[in-house]
Amino acid sequence: MEMLNFFNALIPLLVIHVICDFYLQPKSWVDAKRESTYCAIELYFHSVLHGVALIIPAFILGLGVHSTVCLVAIVMVTHYLFDLGKAMLPNGEKLGYFILDQCLHVLVLVFIAYHMSTNLTLDALLNHKHFFDVIFISLGYLIALKPTSIIIASVLKRFPLSSSGQGEGVAASETDSDAVSSAEVGGIAAGGELIGYLERVLILTFTIAGSYAAIGFIFAAKSIFRFGELNKSEDRSMTEYVLIGSLLSVVITTVIGTLVSLGLGIKIK
């Protein structure tokens with residue numbers, strides 16, 4: 001029940017954060033913060049909104065006046081500082097800064113929920129029956145991403161593209177096998193790399209969930225989209241190159257997912 005108390009405190013705080021940060025914040029506020037930084041009145045409105053809105057979950061959770069005031073003050077101040085720092089960065093609108101900003105906000109709420117949970121201790125967290133399951137699954141996703149890309153690239157180096165495509169293809173494969181097809185056939189920069197990551201995340205998720213039919217659907221859908229591009233390519237080695245990379249991605253990720261399922265005691269159908 002310790003974890004239940006913790007999540008009972010955390011989830012309402014996260015709901016308020018999502019509503020205030022994404023639904024109650026107009027784009028004009030975001031632009032104003034970026035243009036005027038600490039001089040933007042919208043920055044103060046947004047921070048106050050986050051703090052005041054937390055009175056609702058504080059009332060529902062039965063917090064006292066002192067605890068509610070501390071909760072509101074902490075969230076208002078930290079939200080102001082994080083948003084101000086993001087607004088003052090030259091490229092603060094980049095995805096990486098957005099993710100960092102959200103992680104910092106959520107981390108503050110996690111610490112608050114941890115403090116509010118009287119029965120939650122670090123020892124109880126470490127001894128929770130699902131703690132190491134989460135660690136094991138996280139390890140599976142970590143291996144399926146960057147390490148798998150390196151393995152695929154190493155294998156593909158043994159099958160260099162012929163003629164003019166060889167140099168560019170091998171260079172692109174050092175990042176991710178799917179990046180080759182984007183570079184050679186035409187597409188957004190690093191688009192193939194992102195496709196590879198998303199593909200492996202989906203495959204691993206479906207494998208752990210036991211939905212193996214969905215894996216075949218992903219591979220078939222990707223093959224259909226790639227068929228038109230590769231059909232226009234006069235270089236047969238390009239088609240074989242992309243096919244090898246795609247099959248390696250599917251096989252390696254499926255094996256990782258199967259091992260994780262076995263480690264979690266999930267019955268494989």
Side-chain angles (χ1 to χ4, degrees), residues 1-34 36-89 92-138 141 201 205 208-209:
M1 297 297 293
E2 294 84 354
M3 292 295 292
L4 182 61
N5 289 338
F6 170 73
F7 284 112
N8 278 346
L10 177 62
I11 291 176
L13 302 181
L14 291 176
V15 170
I16 294 298
H17 170 74
V18 171
I19 292 175
C20 292
D21 225 28
F22 298 101
Y23 291 92
L24 299 182
Q25 179 178 209
K27 187 177 183 299
S28 59
W29 288 17
V30 178
D31 296 337
K33 288 189 292 184
R34 188 178 299 119
S36 304
T37 61
Y38 63 86
C39 293
I41 191 66
E42 291 83 357
L43 175 61
Y44 298 92
F45 283 158
H46 184 58
S47 301
V48 171
L49 175 64
H50 270 271
V52 172
L54 286 174
I55 296 177
I56 299 174
F59 175 77
I60 295 174
L61 295 172
L63 297 183
V65 176
H66 180 267
S67 298
T68 301
V69 171
C70 291
L71 170 65
V72 171
I74 291 172
V75 171
M76 284 176 55
V77 172
T78 56
H79 208 96
Y80 170 82
L81 293 175
F82 295 154
D83 278 20
L84 176 61
K86 181 183 175 185
M88 295 181 69
L89 290 172
E93 70 279 1
K94 284 188 175 181
L95 177 61
Y97 290 127
F98 168 79
I99 295 175
L100 177 61
D101 174 67
Q102 292 301 313
C103 287
L104 289 174
H105 290 313
V106 172
L107 188 60
V108 170
L109 298 180
V110 167
F111 278 118
I112 293 175
Y114 178 83
H115 179 72
M116 292 167 55
S117 305
T118 56
N119 295 328
L120 179 62
T121 62
L122 183 60
D123 183 64
L125 177 64
L126 294 175
N127 292 321
H128 193 270
K129 60 180 181 179
H130 294 304
F131 177 77
F132 285 101
D133 291 348
V134 173
I135 299 298
F136 196 31
I137 293 174
S138 300
Y141 280 101
V201 167
T205 301
I208 296 175

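These values consider heavy atoms only, across backbone and side chains, with no hydrogens, waters or symmetry-generated copies. Here the structure is a predicted model, which means the values were calculated and not measured.
Considering all non-hydrogen atoms of both residues, Val72 and Gly51 come closest at CG2-O, 3.2 Å. Residues Asn8 and Leu61 share a closest heavy-atom pair of O-CD2, 3.5 Å. Residue Leu24 comes nearest to Pro26 through the heavy atom pair O-CD, 3.4 Å, listed as atom of the first residue, atom of the second, then distance. The minimum heavy-atom distance linking Phe82 with Val108 is given by the pair CE1-CG2, 3.7 Å. Taking all atoms of both residues into account, the shortest heavy-atom contact from Ala32 to Ala40 is O-CB, 3.5 Å. The two residues Gly92 and Tyr97 have their closest heavy-atom pair at O-CB, 3.6 Å.
The main-chain N or O of Tyr38 is found under 3.5 Å from a side-chain atom of Tyr44 such that the two form a donor-acceptor pair.
No more than 12 heavy atoms of other residues, nucleotides or ligands shown are found within 6.0 angstrom of CZ on Phe111. When the shell of 6.0 Å around OH of Tyr23 is examined, it contains 12 or fewer heavy atoms from other residues, nucleotides or ligands.
Within the structure, the salt bridge (charged side-chain N to carboxylate O under 4.0 Å, His left out) test picks out the following pairs touching residues 75-85 (sequence neighbours left out): Lys33-Asp83.
Here His50 contributes atom NE2 and Ile16 contributes atom CD1; the two are 9.5 Å apart, rounded to the nearest 0.5 Å. Atom CD1 of Ile19 is separated from atom CG of Leu14 by 11.0 Å, given to the nearest 0.5 angstrom. Between the CG atom of Leu104 and the CG atom of Leu81 there is a distance of 10.5 Å, given to the nearest 0.5 Å. The CD atom of Glu93 lies 10.5 Å from the CG atom of Asp31; values are rounded to the nearest 0.5 Å. Separating the OH atom in Tyr141 from the CD1 atom in Ile208 is a distance of 4.5 Å, to the nearest 0.5 Å. Atom-to-atom distance recorded for Gln102:CD and Lys86:NZ is 6.5 Å, nearest 0.5 angstrom.
Side-chain atoms of Leu95 and Phe98, non-hydrogen and from C-beta on, do get closer than 4.5 Å to each other.
Note on ring orientation: taking the six-membered ring where Trp is involved, the planes of His46 and His79 are perpendicular (angle over 60°, cut-offs 30° and 60°).
Val52 pairs in a side chain to side chain contact (heavy atoms under 4.5 Å, CB included) with only one of the listed residues (Leu49, Leu54, Val48), which is Val48. The only member of Ile112, Val106, Val15, Val110 that meets side chain to side chain contact (heavy atoms under 4.5 Å, CB included) when paired with Leu10 is Val110.
With sequence neighbours excluded, the residues forming a side-chain contact (heavy atoms from CB on, under 4.5 Å) with Pro12 are Pro57, listed by chain and number.
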